[in-house]
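The structure under discussion appears below in the form of C-alpha cells.
Chain letters run A, B, ... following the sequence lines, proteins first and then strands; every chain starts at 1.
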Amino acid sequence: MSAELLQITLPDGSSKQVPRGTTVGDFVKTQIGAGLARAALYAKLDEEELDLSRPLQRSGKLTVFTNKSREGLDLIRHDAAHVVASVVQRLFPGTQVTIGPHTEEGFYYDFFRKEPFTPEDLARIEAAANEELRKDHPFVRKEVSREEALQLFEKLGEKFKIEIVEDIFAKGAKTLTLYSHGDWTDFCLGPHAPSTGRIGVIKLLNVAGAYWRGDHRNPQLQRIYGTAFFDKKDLDAWLKQQEEARKRDHRKLGKELDLFAFHPAAPGAVFWTHRGTMLFNALSNAMRQMCLRNGYQEVKTPLMYNKLLWERSGHWGKYKENMFLVLDPESKEDDKATFSLKPMNCPSHHLMYEMKKRSYRELPLRYHTQDVLHRNEATGVLSGLTRVRQFQQDDAHIYLMESQIADEVARLTTLIKRVYEAFGLTFTAKFATRPPQRIGADELWDRAERGLRDALEKTGLQYELKPGDGAFYGPKIDFDVSDSIGRKWQLGTIQLDYAVPERFELGYIGEDNKEHRPVLIHRAIYGSFERFIAILIEHFAGNFPVWLAPVQARIITVADRHFEWAQKVHEVLQARGLRVEIDHASEKLGAKIRDAQLAKVPYTLVIGDKEVEGKGVSPRKHGEGKEADLGFSTLDAFSEKLASEAAVPF
RNA sequence: GCCGACAUAGCUCAGUCGGUAGAGCAACGGUUUCGUAAACCGUAGGUCCCCGGUUCAAGUCCGGGUGUCGGCUCCA
C-alpha cells in the first residue's frame, strides 16, 4: 500500500486523488494552482484545521483559507499574538506568558509581570513586533509528549503554561503541539500561517487587567490588546472606522445634544435634561401604550421595602451586596439597616399578586412597571448610560399556568421582534440554561428549560445556546444588541421562573376548584431605558426619527418682523402635541440653520415674508444640500405631515 | 472590587525645564434685521477635581482620596 491514494474533495465539488502523506501545501500547489499556493495560509480537512506543512492522512473535504477570508484574518491575528508574546519576553525578561487568542477586532495576549506595561512599553513592543514580521520567520510545528512539554516549560519557568499543559493531558490528550518562530516556542493548538511575514502589520491598542482564567480569585494578568491586518491600508481604514464610531458614542452625543449628564455627587445616576427627558418619555409612553394594548396591567409599587420582604425573596442572602440599604434610626436591629431601595421589581409584584385570591381565569396576569431601581454596582463597571446604579426597566412579570408558557413566550418574542425592528436594530437571541449556583429542584429546571426552548423553537427565531448562563431562579432568553464600538449589551430578556412562585407560595384557584402554583415569566423589552437610549443614540448617531426626537421641529425667522407668525405656528403645532421650539437668536438665517443642523433637529421651519404672506412654513429636513429644503408648505399640510411622522411605529 | 490611564473656563483643548493660566466655540452687552451650515465689536468667566507632602516657588513632582475612561470579574 505504498501508494495509497486519498480522495480530497474541493469546495466546488471536484475531487483529486493524491498519495497519503502529501502535505497540504504541496497538494494546493500541484492540484489547484501556484497562485492559490502562494496565497494559502492554512486549510481545513473537514473540520480539522491544518497548517500547510501538515501531511494529508485521510480523505475528506478540503477548504483552503487565504487573506481573502475572515478565517485568514483571524489566523494572522492569532499569529500576531505569538509574535507579540515573543517580543515581550525578549524585551521584558521574566515576563510569563499565558494565552493569546484572536478576537472580533484583533487579538490579545495575557502576560504575568509585576511591573505594569506603560504606553511607552507598548510602542516599543509594537515596533519590535513589526520588525519580526519583516524577518519572515517560519512557524514550525512540533508534537511532544507530556514529559517533554512539562520539561520545556519548567525550564522556562512558565507556571501558567504548565497549568494548561497539565489540564490538556488530564483531559486525555496523547501529545501536545508546540509552535516556534525564530527562537521562541509556545504551546498552541494551531494552526498558524507559514511564516510571520504573512502578517501585514501589527497595531497594539491598549493594556488592561485580566484575571487568570477569568476568575477574580486568581492572579491578575496584564492583557495587551492589539490588532493585525494583511495590509497597512486595511489597518488605516479600520482605525478611521473606529474614529467614526467614537463620534457616535452616546456619552459624547449625550453632551453635544444636551440629553443627559452625570455629576460626581451621584455616580452612576443620570441627570436627564429636558431634551433627554422628552426622548425618555417618548419611549416610555410608546411601551406603556403597547403593553396596555397587549393585555398588561400597568402598576406602580413602593421603591423602598422593609427587609422582611428581602429575606422572603432571598435577596437579603444572595443580593445584599448590590442593594442600597437605608438606615432606620428607630430600628432595634444592630445595623439599623432595615430598609432597602428595590433593585428589582419582582418581589413588589408578587406582593401585589398575593393581595387577592387569584383565579385561573385571570391568567396570564401581566404586571408592567417602569419604576426606578437601584443597584449598588461596583465602581469599576459603571459606564455612561449602559451601566448605571439607578435605572428604570420596562419590566413585566407574567403569572401563568404551565400550559400557557409556549403561547406566552411566542407572544413575547413577537413583541420583542416588532419593537426592535421598529428601531431598525439587529439583535441576537441567546438561550441560557441552568447555572451551577441555583435554587429549585432539577426536575423543575428540566420542565422550565424544555418549556422555554419549545416555545423559542416554535417562533423560528435563530438563537445561540448559552449553557450555565441562566438566572439563579430559571432559564432565560436574552436579546443582545451591539453598541457603536461593537460591544454587545443585553437589552431584552425573557426569564422563566418556577422557583420564586414556590418561594412566595403564590397560588391560584384552578378550574378544578383546587389551589395551584402559577409559573412566572420575568420579561423586559427595552431592558432598561438608560441602556436602550444609549444604544439608540449610537444606532441613530443622534439623528432620531421624528417620533423620538427631543425637539421635532425648530422654527427660525428670517427677521424679527416674522416673529409673530412664528409664534402662531409654534402654538398650532404644540396644540397637536408636537415638540417644537423657536430660535430667538439675533443671527442670520444661515447661522440659525447651522445651529439647528448641529442640534440634529428633524425639521427646521423657516419663516420669512413669503411664509407670513402665505400662512405657511418652509420646512428644511435635517441633512445636507439643496434636497434638504422642502420648499413652501401650508401650516395645515405641514402639521399633518409632522403629526403622522410622530406616530409610534409599533 | 481588581489592573491601567486620565481630570485645566459651560464645551473642545493648549500650557515647554517647576516661576501664580491661554485659544476657539458657547454665555452676556452693543451694532446688524439678514432667505437655507458660522455677521461684527466688546465684556465677563478659573479652588488648574479634592486633601496632604516636597520646594524659595507646584496646573506641572510625590502620596492619599473622588470621579471618568479602557479592560477583567459582575450585570439591564
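- Relative orientation of the A:F160 and A:F112 rings is tilted, given thresholds of 30° and 60° on the angle between their planes.
- Note on A:D215: nothing from the nucleic acid sits closer than 4.0 angstrom, heavy atoms only.
- Heavy atoms of A:R620 sit under 4.0 angstrom from at least one base atom.
- Residue contacts shown for A:F529 are absent, as no nucleic acid heavy atom lies under 4.0 Å away.
- In the interface, the side chain of A:E611 is paired with the base of B:rG35 through a donor and an acceptor atom under 3.5 Å apart.
- Residues passing the ring-ring contact (aromatic ring centres under 6.0 Å, His included) test with A:H368: none are found, sequence neighbours excluded.
- By the 4.5 Å heavy-atom criterion applied to side chains, A:M344 and A:R375 are counted as neighbours.
- With respect to A:E120 and A:R124, no salt bridge is recorded, no charged nitrogen being found less than 4.0 Å from a carboxylate O.
- If you measure from atom CD1 of A:I477 to atom C1' of B:rA76, you get 16 Å, rounded to the nearest angstrom.
- B:rU20 adopts a syn glycosidic conformation, its chi angle falling within 90° of 0.
- With hydrogens and angles ignored, a donor-acceptor pair under 3.5 angstrom links the side chain of A:R531 to the base of B:rC75.
- Two rings, from A:H102 and A:H78, have their centers 6.0 Å or more apart.
- Checked options A:Q495, A:K318, A:R438; the residue passing with A:Y473 is A:Q495 (criterion: side chain to side chain donor-acceptor pair (under 3.5 Å)).
- Here A:R217 lies out of heavy-atom contact (under 4.0 Å) with every strand.
- With a cut-off of 3.5 Å on both pairing distances, the Watson-Crick and G-U wobble pairs of RNA chain B assemble into stems of 3 or more at B:1-7 with B:66-72, B:10-13 with B:22-25, B:27-31 with B:39-43, B:49-53 with B:61-65.
- A straight line from NE2 of A:H374 to P of B:rA76 spans 17 Å, rounded to a whole angstrom.
- Rounded to a whole Å, the CZ atom of A:R251 is 9 Å from the C1' atom of B:rG70.
- Checking the phosphate oxygens (OP1, OP2) of B:rC3, no side-chain nitrogen or oxygen of A:R113 falls inside 4.0 Å.
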